[in-house]
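Shown next, in structure tokens, is the structure this report addresses.
Throughout, protein chains are lettered first and strands after them, A, B, ... in sequence-line order, and every chain is numbered starting at 1. Given the structure is predicted, the values throughout are model-derived calculations rather than measurements.
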Amino acid sequence: MYTRRSSSSSDRSSGPESSSPGQYSPSGYHMIKVYILQAKLDATAVAELYTLIKSCKDVPDGLRLQLCGNPSDADVILSNVHMRKRLERHLDWDIAKQKAIVTPDWLHDSVAQQRPLNCADYAALGELREETDKNCPDCDLPKCICSSESSKESLLDNGTMNLITSPHVSYNYAARYSCQRASPLVCPNQRLANELSVLRIHRDLEGKTVNALSYERAIAVSTGLRLAYPRVITQADLDTEVVHLPYLGEKIRSKVLLCFRGCYHYVNDALTKINEFIRFGRIEECNTIRSSARFLSLKAFASIHGVGSTTARHLYSIGLRTVEDMEQYYDVPIADDGVPLLPNNEPKYTPNGKRIPTNDTIPDLDIKAALVLRHEFAISISRSEVEEMHNLIMAELNDLKPGCASTIVGGYRRGKPESNDVDIVITHADLRGGGEKITGLRKRFVERLYNRGLVSHVARGAGFIAQDSFRWHSLENALTVFRLPAQVDARHLHRRLDLIIAAPEAYWSAVVGWTGSKMFERDLRLWAKTEKGLKFDSSAVTRRHDSKRFFPQSENDVFSLLGLQWIDPTLRNADI
DNA sequence: CGGCATACG
DNA sequence: CGTA
DNA sequence: GCCG
């Protein structure tokens with residue numbers, strides 16, 4: 001049974017391991033969700049509060065705090081705003097009355113004593129002292145299932161919290177489209193998938209994209225096999241069922257059989273007529289590919305963000321062989337110690353901790369920058385770090401525009417323990433109708449993150465601080481490079497972050513469109529076209545004959561509009 | 001033998 | 001052409 | 001490379 005765990009818009013701050021306020025911790029303290037209202041707090045103060053919250057994780061049996069990206073999800077709100085009028089600019093008064101609103105001192109003192117202190121003593125607004133007292137989460141009674149469950153997201157609450165993937169889907173492993181099958185993250189036939197992946201990458205790098213697509217489909221089928229065969233495939237399986245699987249045609253099937261059967265394979269040697277012995281469980285062609293210098297060079301080139309197979313082949317053709325050759329070719333500055341130098345992007349601060357606006361363009365994530373950042377980009381991102389980034393980003397956004405809802409999508413939502421990047425879909429009731437409102441918010445948000453020193457680069461020259469767009473959009477995305485503040489994470493690594501701003505009517509299409517995996521998305525679109533006469537993209541479902549657009553109101557809506565069974569995000573891992 | 005996802009910059 |  |  002596969003229970004759904006994270007597709008409501010209110011998963012803002014809910015990783016699978018996060019607790020709701022009603023749950024007990026081993027320490028006896030409840031998890032307290034803290035929101036930081038940034039108005040009247042400078043960047044240094046905010047970073048210090050983040051660090052304090054994070055520091056509690058290292059104290060066993062201590063205070064349990066969780067940074068929270070949205071005030072309505074919070075138990076406690078930290079604020080330096082003391083006037084009702086000013087507060088209402090950032091926070092709905094009805095929500096404020098359901099929270100404990102305290103000064104940052106509450107956090108300092110509570111952390112110092114490793115216990116939640118009495119909120120009333122720290123009330124930020126005299127007018128709300130009573131509510132703050134009443135809503136204070138320090139009560140040690142089970143009835144303290146206080147506040148936040150009641151203030152659940154209404155705008156995007158889609159009523160599909162407890163969907164499960166139909167068992168029927170799990171036995172659908174021979175279906176033609178990966179959006180009809182269940183593809184779990186880990187499959188026991190991993191070796192087969194890895195071998196096929198070598199062939200896929202090779203075909204891709206050599207420009208044979210349709211061949212590569214065939215291998216992708218074969219891999220996607222292999223990933224779905226696990227639920228039908230909860231074990232490694234046997235000879236008997238091969239002889240009966242596997243031969244009927246889609247996308248394992250004559251050529252790929254012979255390689256698959258080779259990989260599984262493993263024992264002997266006959267390659268006709270024209271001269272000696274001697275049968276060659278093939279190593280167990282491997283596809284001979286993969287060995288050739290893996291040891292090819294050209295393959296290794298092309299693969300290394302294409303691993304750089306912004307370099308695809310065409311550019312990789314070009315670089316090879318003009319004599320480049322290593323990424324170090326690329327550094328020379330692209331004039332990447334190298335320090336005395338041999339480490340590539342980043343252009344001087346470090347934000348400058350006033351003594352108050354406010355960033356000095358450079359009024360400059362945001363640096364572009366071009367190939368040169370990507371070369372410098374490649375080592376950091378290669379370091380994977382843990383789930384807790386993804387959540388940390390999300391919380392911080394939403395705290396910033398809700399300070400800029402209160403009331404935003406968001407979902408972490410991409411590999412994180414598919415359950416991957418480590419991510420290469422972070423994708424977040426964001427919406428707000430005010431964005432209905434899209435257009436300039438979305439462009440405006442995206443621009444202001446990225447600009448703010450840049451000025452806060454949280455974003456260092458933006459992909460494809462969208463970095464002009466002042467810039468107008470004429471086009472109408474219900475969805476916009478910003479491909480950025482993000483860094484957690486050094487006070488929050490000493491490594492201060494550059495991470496790739498994709499922000500997708502969607503009109504509310506486009507939200508669920510965007511969530512499905514950005515959850516992936518890549519093959520799952522291609523098959524959704526192919527299924528929609530060839531089987532249903534529909535077009536699916538990340539903003540809507542469109543009927544092809546009259547262009548009528550449909551706006552799904554839940555994730556399940558997307559699937560049912562397309563005539564598909566809902567599949568849990570963790571079973572959409574149709575790629576390796 | 002034609003099609004293979006769709007959109008954006 | 002490259003990225004999602 | 002595979003499918004209709």
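Separation of the P atoms belonging to B:dA5 and D:dC3 is 15 Å when rounded to the nearest angstrom.
If you measure from atom CG of A:L475 to atom P of B:dC8, you get 9 Å, rounded to the nearest angstrom. Atom CD in A:E476 sits roughly 11 Å away from atom C1' in B:dG9 (whole-Å rounding). Taking atom NZ on A:K518 and atom C1' on B:dT6, their separation rounds to 12 Å, with Å as the unit. Look at NZ on A:K208: it is 22 Å from P on B:dG3, rounded to the nearest Å. Rounded to whole angstrom, the span from the CE atom of A:M519 across to the P atom of B:dA5 amounts to 7 Å. Straight-line distance from the CD1 atom of A:I438 to the P atom of B:dC8: 13 Å, rounded to whole Å. Rounded to an integer number of Å, the gap from A:Y177 OH to D:dC2 C1' is 13 Å. B:dA5 atom C1' lies 14 Å from atom CH2 of A:W514, rounded to whole Å.
Using a 4.0 Å cut-off on heavy atoms, none of the residues of residues 196-206 of chain A approach DNA chain B. Of the residues in residues 521-535 of chain A, none lies under 4.0 Å from DNA chain C by heavy-atom distance. Heavy-atom distances under 4.0 Å link DNA chain C to A:I304, A:H305, A:G306, A:V307, A:G308, A:S309, A:T310, A:T311 of residues 301-316 of chain A, given in residue order. Near DNA chain B, meaning a heavy atom under 4.0 Å away, the residues from residues 213-221 of chain A are A:L213.
To the nearest 0.5 Å, atom CG of residue A:L431 and atom CG of residue A:L475 are 11.0 Å apart. Between the CD atom in A:E285 and the CG atom in A:N287 there is a gap of 10.0 Å [rounded to 0.5 Å].
Side-chain contact, A:E555 with A:W566: a donor N or O sits under 3.5 Å from an acceptor N or O. The closest side-chain donor-acceptor pair between A:T480 and A:Y450, if any, does not fall under 3.5 angstrom. With hydrogens and angles left out, the side-chain atoms of A:R414 and A:N573 include a donor and acceptor closer than 3.5 Å.
Every residue was checked against the side-chain hydrogen bond (donor to acceptor under 3.5 Å, both in side chains) condition with A:D366, not counting sequence neighbours, and none meets it. With sequence neighbours left out, the side-chain contact (heavy atoms from CB on, under 4.5 Å) criterion links A:H168 to A:S166, A:Q565. Evaluation of the side-chain contact (heavy atoms from CB on, under 4.5 Å) rule for A:T322 yields A:E324, A:D325 as partners, not counting sequence neighbours. Take A:R491 and apply the side-chain contact (heavy atoms from CB on, under 4.5 Å) test, not counting sequence neighbours, and it matches A:E385, A:D489, A:L493, A:R495. For A:F301, there are no ring-ring contact (aromatic ring centres under 6.0 Å, His included) partners at least two apart in sequence or on another chain.
When distances are taken from the side chain of A:V210 to each of B:dC4, B:dC8, D:dG4, the shortest belongs to B:dC4.
Close approach of DNA chain C to chain A, defined as any atom under 4.0 Å from a non-hydrogen atom of the protein, starts and stops at C:dC1 to C:dA4.
For the pair A:R383 and A:Y412, the distance from NZ or CZ to the six-membered ring centre is under 6.0 Å and the angle to the ring normal is within 45 degrees. With A:Y215 as the aromatic partner, A:R200 does not meet the cation-pi criteria of under 6.0 angstrom to the ring centre and within 45 degrees of the ring axis.
Looking at every heavy atom in both residues, A:Q180 comes nearest to A:A175 through OE1-CB, 3.5 Å.
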Which pairs would a plain distance check flag for residues 542-551 of chain A, meaning a side-chain donor or acceptor within less than 3.5 Å of a matching protein atom at least two apart in sequence or in another chain?
from   : atom 1 : to     : atom 2 : distance (Å)
A:R543 : NH1    : A:D546 : OD2    : 2.6
A:R544 : NH1    : A:L534 : O      : 2.8
A:D546 : OD1    : A:K548 : N      : 3.1

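By the 6.0 Å contact criterion, OH on A:Y316 is enclosed, its count of non-hydrogen atoms from other residues, nucleotides or ligands being greater than 12.
Considering only side-chain N and O atoms, A:R253 lies nowhere under 4.0 angstrom from the phosphate OP1 or OP2 of D:dG1.
For residues 514-544 of chain A, every residue pair satisfying the ring-ring contact (aromatic ring centres under 6.0 Å, His included) rule, not counting sequence neighbours, is listed here: A:Y177-A:W527.
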